[in-house]
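Let me begin by presenting the structure, written as structure tokens, before commenting on it.
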Amino acid sequence: MLKIRQLQKQRQEQAKQSPEAAASSAANPLGKVSAAQIRLQKDVTELELPSTVKIEFPNPQDLFNFKILIRPAEGYYNGGVFHFTVEIGDNFPIDPPKIKCTQKIYHPNIDLEGNVCLNILREDWSPVLSLNSVISGLNFLFLEPNPNDPLNKAAANVLAKNTATFARNVRSAMRGSTVDYETYDRVV
């Protein structure tokens with residue numbers, strides 16, 4: 001009990017001197033580096049991103065939360081800019097990252113709430129997969145949308161039945177228009 005009070009007092013003193021030091025102390029009071037932190041640092045240093053993908057760390061001290069921007073240079077989504085948030089849990093790499101699209105887009109594998117349907121983020125996740133694998137898979141969804149594993153079934157049905165109509169719907173939705181009574185965010 002005494003040790004807990006000493007730690008609380010140290011945090012209060014650090015908060016007065018340096019808010020950044022207090023935040024890092026609160027996140028890891030014993031100063032130990034977790035297995036998730038070690039693996040995440042390794043994955044981030046080994047990232048090999050294509051020119052169409054950018055990573056942003058809003059807080060450079062927090063590798064567990066970051067943003068991905070994808071600008072497809074070809075395919076249906078060419079010319080769009082798509083934003084994702086990534087949240088890595090303390091149980092990484094046992095558990096996959098949580099990825100969400102921050103925009104409402106017309107895509108068979110991304111629902112209207114931004115949830116992403118990518119097999120390696122669910123049933124095919126394995127601790128041997130890296131962030132590089134996840135980002136490559138996410139990027140690939142824009143090059144080759146998969147109508148066979150949809151979250152947005154309406155978009156998947158259009159893609160499966162009529163690619164010309166699907167292409168028109170994507171272009172219209174990317175401009176912020178309404179498709180099938182649903183208004184989408186402008187991403188071009």
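Computation of the quantities below employed the complete heavy-atom set of this structure, encompassing side-chain atoms and omitting hydrogens, waters and symmetry-equivalent molecules. These numbers come from a predicted model, not from an experiment.
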Q) If you round to the nearest 0.5 Å, how far is CG of D185 from SG of C101? A) 8.5 Å
Q. I70 and V188: same hydrophobic cluster, using ILVMFWY side-chain contacts below 4.5 Å?
A. yes
Q) Does the pair D149/R122 count as a salt bridge with the N-to-O cut at 4.0 Å? A) yes
Q. Quick one: do V81 and L141 end up in the same hydrophobic cluster if we chain Ile, Leu, Val, Met, Phe, Trp and Tyr together by side-chain heavy atoms under 4.5 Å apart?
A. no
(Q) Can a donor-acceptor pair be found, under 3.5 Å and without considering hydrogens, that links the side chain of T178 to the backbone of Y181? (A) no
Q.
Grouping I, L, V, M, F, W and Y whenever their side-chain heavy atoms are under 4.5 Å apart, do V179 and F142 come out in a common cluster?
A. yes
Q. Can you say whether the rings of F82 and Y77 are parallel (under 30°), tilted (30 to 60°) or perpendicular (over 60°)?
A. perpendicular
Q | Expected output: side-chain N162 to main-chain V158 donor-acceptor under 3.5 Å | A | no
Q.
Under 6.0 Å between ring centres: does that hold for F92 and F64?
A. no
Q.
Using the side chain to side chain contact (heavy atoms under 4.5 Å, CB included) definition, which of the options S133, P97, S130 pairs with D43?
A. S130
Q: Check step by step if salt bridge (charged side-chain N to carboxylate O under 4.0 Å, His left out) holds for D111 and K100.
A: CA-CA 10 Å; D111 69 15; K100 208 158 179 89; 5.9 Å; no
Q.
Are the side chains of R186 and M174 in contact, using a 4.5 Å heavy-atom criterion?
A. no
Q: May I have the step-by-step check of ring pair (Phe, Tyr, Trp, His ring centres under 6.0 Å) for H107 and Y76, ending in yes or no?
A: CA-CA 10 Å; H107 195 292; Y76 297 111; 9.2 Å; no
Q. Are F140 and L129 linked, directly or through other ILVMFWY residues, by side chains that come within less than 4.5 angstrom of each other?
A. no
Q: Consider only side-chain N and O atoms of N65 and D62, and report whether a donor and an acceptor are under 3.5 Å apart.
A: yes
Q.
Are L143 and L138 linked, directly or through intermediate hydrophobic residues, by side-chain heavy-atom contacts shorter than 4.5 Å (ILVMFWY only)?
A. no
Q.
Working note: E113 + K104, criterion salt bridge (charged side-chain N to carboxylate O under 4.0 Å, His left out); need CA distance, chi angles, decisive distance, verdict.
A. CA-CA 7 Å; E113 287 80 41; K104 187 190 234 183; over 6 Å; no
